[in-house]
Amino acid sequence: MRIYLIGYMGSGKSTIGKRLAHLTGLSFIDLDKYIEERNCRSVPQIFAMEGEDAFREKEHKALLEVSEFDNVVVATGGGSPCFFGNMELMNKTGITLFLDVEVPVLARRLAFSKTERPLIKGKTRQDLTDFINSNLEKRRPFYEKSQYRITGTEINPEEILRLIEKG
Ligand code: S3P
């Protein structure tokens, strides 16, 4: 079994992914961490030294590798579904689940997050909200290709499991 968690930055893919992996006995993979390990550079370093296009290529390559792992929950990056047919790849190789969280919640979480994210670095709260609104509008069609969608701020892994088991 292979479950991919899809959604915008701050939607809780890593937090929920870890809990879902624990609940199901599957292994947890954070795609950003996997990219960092394979390239011996952090995500912000890759963006700064090689640019976003190079990051997207590395991300696609990482996803191709991870899509061959068995019994995993994969927390993807917020942009992963939107490049190089990654969404099709994930739908072909596993269960995809979109964590659909409202913009004000995303903005609040991202404003307080300690993770460095190159795309939103240095943005004021208002800039952040504007950016999320327009960026999410472009990304939503990709996210919505997921097989399952779950909404709300307190998404729990039991709920995800029930949804998947129902089919
Ligand atoms: C990105 C999201 C990040 C990371 C990179 C780009 C994006 O992952 O992959 O900074 O394009 O939305 P998270 O969604 O885990 O923050």
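Both backbone and side-chain heavy atoms feed into the values below; hydrogens, waters and symmetry mates do not. The first residue in the sequence is number 1, and the count goes up from there. Since the model is a prediction, treat every value here as computed from it, not as a measurement. Order of appearance sets the numbers: ligands from 1, and atoms from 1 within every ligand.
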Inset, instruction - Would you mind running through ligand 1 and noting each atom that sits below 4.0 Å from a heavy atom of Val43? - result: 5 (C), 10 (O)
Legend entry - Heteroatom distance test (Gly7, ligand 1): nitrogen or oxygen, under 3.5 angstrom: no
Inset, instruction - Looking only at protein heavy atoms, identify the closest one to atom 4 (C) of ligand 1 and say how far it is in Å. - result: Asp32 OD2, 3.2 Å
Legend entry - Within reach of ligand 1, part of Lys121 (heavy-atom separation under 4.0 Å): neither
Inset, instruction - Find all atoms of ligand 1 within a distance of less than 4.0 Å from any non-hydrogen atom belonging to Gly77, and give their numbers and elements. - result: 8 (O), 9 (O), 14 (O)
Inset, instruction - Could you tell me whether the side chain of Ser80 and the main chain of Thr76 form a donor-acceptor pair under 3.5 Å? - result: no
Inset, instruction - Looking only at non-hydrogen atoms, find the nearest pair between Met9 and Leu106 and report the distance. - result: O-CD2, 3.5 Å
Inset, instruction - Say whether Thr76, considering both its backbone and side-chain N or O atoms, lies within less than 3.5 Å of an N or O atom on ligand 1. - result: no
Legend entry - Ion pair check, Arg140 and Asp100, cut-off under 4.0 Å: yes
Legend entry - Closest non-hydrogen atom pair, Pro141 against Lys138: CD-O, 3.3 Å
Inset, instruction - Please report which non-hydrogen protein atom sits nearest to atom 12 (O) of ligand 1, along with the residue it belongs to and the distance in Å to one decimal place. - result: Arg139 NH1, 2.7 Å
Inset, instruction - State the atoms of ligand 1, each with its element, that fall below the 4.0 Å cut-off from a heavy-atom position in Phe55. - result: 9 (O)
Inset, instruction - Flag the pair Glu88 and Lys92 as a salt bridge only when some basic side-chain nitrogen lies within less than 4.0 angstrom of an acidic carboxylate oxygen. - result: no
Inset, instruction - Under 4.0 Å, heavy atoms only, figure out whether ligand 1 is touched by the backbone of Leu119, its side chain, both or neither. - result: side chain
Legend entry - Glu36/Lys33 ion pair, N-O < 4.0 Å: no
Legend entry - ligand 1 N/O within reach of Glu59 N/O, cut-off under 3.5 Å: no
Inset, instruction - Please indicate whether Glu50 has more than 12 foreign heavy atoms, meaning atoms of other residues, nucleotides or ligands, lying under 6.0 Å from its CD. - result: yes
Inset, instruction - Using a 4.5 Å cut-off on heavy atoms from C-beta on, say whether the side chain of Ile29 contacts that of Val73. - result: no
Inset, instruction - Report, in ascending order of atom number, the atoms of ligand 1 lying under 4.0 Å from any heavy atom of Arg117. - result: 16 (O)
Inset, instruction - Looking only at non-hydrogen atoms, find the nearest pair between Arg41 and Gln45 and report the distance. - result: CA-OE1, 3.4 Å
Inset, instruction - Provide, to 0.1 Å, the distance between atom 10 (O) of ligand 1 and the closest protein heavy atom, together with that atom's residue and name. - result: Pro118 CD, 3.5 Å
Inset, instruction - Pick one of side chain, backbone, both or neither for how Glu116 approaches ligand 1, counting any non-hydrogen atom pair under 4.0 Å. - result: neither
